[in-house]
Participant: 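Input: one structure, supplied below.
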Protein chains: 2
Amino acid sequence: MDKKAPAGNPSRPNPLPGCPMAAAFAAIGGKWKLTLLYWLAHGETHFAGLRRRAAPITPKVLAEQLRELEADGLVERVETGPVPAPVVYRLTPYGTTVLPVVEGVRVWGEAHLRRTQGEASPAVPMSCADMIA
Amino acid sequence: MDKKAPAGNPSRPNPLPGCPMAAAFAAIGGKWKLTLLYWLAHGETHFAGLRRRAAPITPKVLAEQLRELEADGLVERVETGPVPAPVVYRLTPYGTTVLPVVEGVRVWGEAHLRRTQGEASPAVPMSCADMIA
DNA sequence: CTGTATCCGTGCCGATACTG
DNA sequence: CAGTATCGGCACGGATACAG
């Protein structure tokens with residue numbers, strides 16, 4: 001029974017074995033993963049915290065994505081309390097290595113946003129803000 | 001405004017309006033888009049060239065992704081000949097702005113590959129190689 | 001050579017409800 | 001609070017064949 005998978009049990013299989021792009025995509029290509037990593041870069045949070053930040057994500061999908069990120073060694077799940085179990089999610093040291101990528105995507109996305117929508121975008125309309133650790 | 005930037009006809013709608021991540025993902029989040037941009041960074045190619053490079057992509061999907069990249073102003077389609085129509089695809093100036101992101105993803109993907117598979121990956125097994133312009 | 005048409009499988013994601 | 005269960009849908013991506 002697979003309990004934890006430190007970098008030997010990738011959540012998603014690489015469709016193109018040996019291709020760096022595909023490998024990266026398998027790890028951080030989920031719809032919400034970059035956003036989750038982005039918010040986790042701000043500091044550890046718990047489940048509900050991520051739920052609030054990460055827009056209209058549903059608990060099921062959030063749990064899935066978190067478990068995949070965990071399986072890829074990017075995110076660490078820490079149980080801080082015994083009973084009410086305020087679990088805390090945080091980036092692993094390895095997880096911090098993706099932050100430049102996350103930031104790169106975010107910055108480019110911002111520029112792209114301004115390009116496509118011009119000035120039509122207010123500041124932080126939904127949930128994603130700017131800044132990064 | 002912009003001389004030839006479509007930039008008003010995004011191929012994929014942004015599911016989270018105003019979110020840079022989502023915007024970026026809508027533009028370059030396609031399964032093959034990063035790979036295509038990567039190869040296009042090596043120089044202009046034609047349809048068949050991309051087909052060969054981009055692994056087992058099917059013509060339909062290739063055409064789709066290319067049209068989306070074109071709609072987002074990242075890729076330019078140039079017809080070089082009249083009849084046999086050797087069309088050439090190339091990055092637009094704006095398209096080159098994503099190259100850092102592409103490279104970042106690729107580099108991280110390589111590291112991730114080595115992390116997950118150790119030394120089990122031969123050199124360029126399928127189609128993706130290394131290097132970039 | 002450069003695509004398009006048609007059909008289809010399934011992976012990804014979502015809503016709601018329920019449990020420790 | 002932190003998740004899991006179940007169900008479903010739809011879009012994304014794919015295969016094959018055909019056309020300009």
Side-chain angles (χ1 to χ4, degrees), chain A residues 1 3 10-16 19 21-22 25-36 40 44-71 75-90 127, chain B residues 10-16 19 21-22 25-36 40 44-72 75-90 126-127:
Chain A
M1 39 206 20
K3 189 59 178 78
S11 52
R12 280 180 201 279
N14 185 345
L16 267 66
C19 176
M21 302 289 196
F25 220 74
I28 58 175
K31 184 173 181 181
W32 302 97
K33 289 190 184 168
L34 284 179
T35 304
L36 292 176
L40 283 169
E44 51 203 38
T45 337
H46 27 119
F47 198 85
L50 284 172
R51 256 187 97 173
R52 294 200 57 204
R53 258 94 134 194
I57 194 173
T58 60
K60 178 209 166 193
V61 175
L62 175 56
E64 277 176 7
Q65 306 265 300
L66 280 174
R67 266 186 274 112
E68 291 186 6
L69 289 171
E70 208 188 338
V75 166
E76 194 177 11
R77 185 176 171 278
V78 186
E79 310 183 356
T80 59
V83 174
V87 180
V88 163
Y89 290 94
R90 61 186 303 180
S127 59
Chain B
S11 51
R12 279 180 203 281
N14 186 345
L16 268 65
C19 176
M21 301 289 196
F25 222 75
I28 58 175
K31 183 172 181 183
W32 301 97
K33 288 190 183 169
L34 285 178
T35 305
L36 292 177
L40 284 169
E44 51 203 37
T45 339
H46 29 112
F47 198 85
L50 284 172
R51 256 189 96 173
R52 293 201 57 204
R53 257 94 134 193
I57 195 174
T58 60
K60 178 209 166 193
V61 176
L62 175 55
E64 277 177 7
Q65 306 265 297
L66 280 174
R67 266 187 274 112
E68 292 186 3
L69 289 171
E70 210 189 335
D72 285 319
V75 165
E76 193 177 11
R77 186 177 171 276
V78 186
E79 310 183 356
T80 59
V83 174
V87 180
V88 162
Y89 290 94
R90 60 186 305 179
M126 183 82 83
S127 60

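Given the structure is predicted, the values throughout are model-derived calculations rather than measurements.
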Participant: Is the phosphate of C:dG3, meaning OP1 or OP2, less than 4.0 Å from a side-chain N or O of B:Arg67?
Facilitator: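 Answer is no, no contact under 4.0 Å.
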
Participant: Start with the C-alpha gap between A:Phe47 and A:Leu62, add the side-chain angles, then the distance that decides, and say whether side chain to side chain contact (heavy atoms under 4.5 Å, CB included) holds.
Facilitator: CA-CA 8 Å; A:Phe47 198 85; A:Leu62 175 56; 3.8 Å; yes

Participant: Looking at every strand, decide which applies to A:Arg51 at a 4.0 Å heavy-atom threshold: base, sugar-phosphate, or nothing.
Facilitator: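 Here A:Arg51 touches no strand at all.
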
Participant: I'd like to know whether A:Leu34 forms a side chain to side chain contact (heavy atoms under 4.5 Å, CB included) with A:Leu36, so could you lay out the CA-CA distance, the side-chain angles of the two residues, the decisive distance to 0.1 Å, and finally the verdict.
Facilitator: CA-CA 5 Å; A:Leu34 284 179; A:Leu36 292 176; over 6 Å; no

Participant: Can you tell me how far P of C:dC12 sits from CD1 of A:Ile28, to the nearest Å?
Facilitator: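 The answer, rounded to whole Å, is 15 Å.
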
Participant: Among C:dA15, C:dT2, C:dC13, which nucleotide has an atom closest to any side-chain atom of A:Lys31?
Facilitator: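 Looking only at heavy atoms from C-beta outward on A:Lys31, the closest nucleotide is C:dC13.
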
Participant: Whole Å only: how far is the NZ atom of A:Lys33 from the C1' atom of C:dG11?
Facilitator: 13 Å

Participant: Can you see if the side chain of B:Trp32 gets near the phosphate of D:dC12 - specifically, an N or O under 4.0 Å from OP1 or OP2?
Facilitator: no

Participant: How long is the line joining CG of A:Leu62 and C1' of D:dG3, in whole Å?
Facilitator: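 From A:Leu62 CG to D:dG3 C1': 10 Å.
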
Participant: Before giving the answer on side chain to side chain contact (heavy atoms under 4.5 Å, CB included), spell out for B:Leu66 and B:Leu50 the whole-Å C-alpha distance, their side-chain angles and the decisive distance to 0.1 Å.
Facilitator: CA-CA 10 Å; B:Leu66 280 174; B:Leu50 284 172; 3.9 Å; yes

Participant: Which nucleotide wins on minimum distance to the side chain of A:Val87, given the candidates C:dT4, C:dG14, D:dA2?
Facilitator: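 Taking heavy atoms from C-beta onward, the closest nucleotide is D:dA2.
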
Participant: Can you see if the side chain of B:Tyr89 gets near the phosphate of C:dC1 - specifically, an N or O under 4.0 Å from OP1 or OP2?
Facilitator: no

Participant: Just how far, in rounded Å, is P of D:dC1 from NE2 of A:His46?
Facilitator: 9 Å

Participant: Does any N or O donor sit under 3.5 Å from an N or O acceptor when you compare the side chain of B:Lys60 with the base of D:dG14?
Facilitator: yes

Participant: Using side-chain heavy atoms (C-beta onward) and a distance below 4.5 Å, is A:Leu16 in contact with B:Trp32?
Facilitator: yes

Participant: Return no unless some side-chain N or O of A:Gln65 is found under 4.0 Å from OP1 or OP2 of C:dC12.
Facilitator: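 It does not, given that no N or O in the side chain of A:Gln65 lies less than 4.0 Å from OP1 or OP2 of C:dC12.
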
Participant: For the pair made of CG in B:Leu66 and C1' in D:dG13, what is the distance, rounded to whole Å?
Facilitator: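 Rounding to the nearest Å, CG of B:Leu66 and C1' of D:dG13 are 15 Å apart.
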
Participant: A:Glu79 CD to D:dG3 P: how many Å, rounded?
Facilitator: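 It is 8 Å, rounded to the nearest whole Å.
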
Participant: Please pick, from D:dA2, D:dG14, C:dT2, the nucleotide with the shortest atom-to-atom distance to any side-chain atom of B:Ala48.
Facilitator: C:dT2

Participant: Find the distance B:Glu64:CD to C:dC7:C1' and express it as a whole number of Å.
Facilitator: 13 Å

Participant: Within the structure, does a side-chain N or O atom of B:Arg12 lie under 4.0 Å from either OP1 or OP2 of D:dG13?
Facilitator: yes

Participant: Just how far, in rounded Å, is P of C:dG3 from CG of B:Leu50?
Facilitator: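 It is 10 Å, rounded to the nearest whole Å.
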
Participant: Both B:Phe25 and A:Pro59 contact DNA chain C. Which one's nearest nucleotide lies toward the 5' end?
Facilitator: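 Residue closer to the 5' terminus by nearest nucleotide: B:Phe25.
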
Participant: Is there a donor-acceptor pair closer than 3.5 Å between any side-chain N or O of A:Lys33 and the backbone N or O of A:Gln65?
Facilitator: no

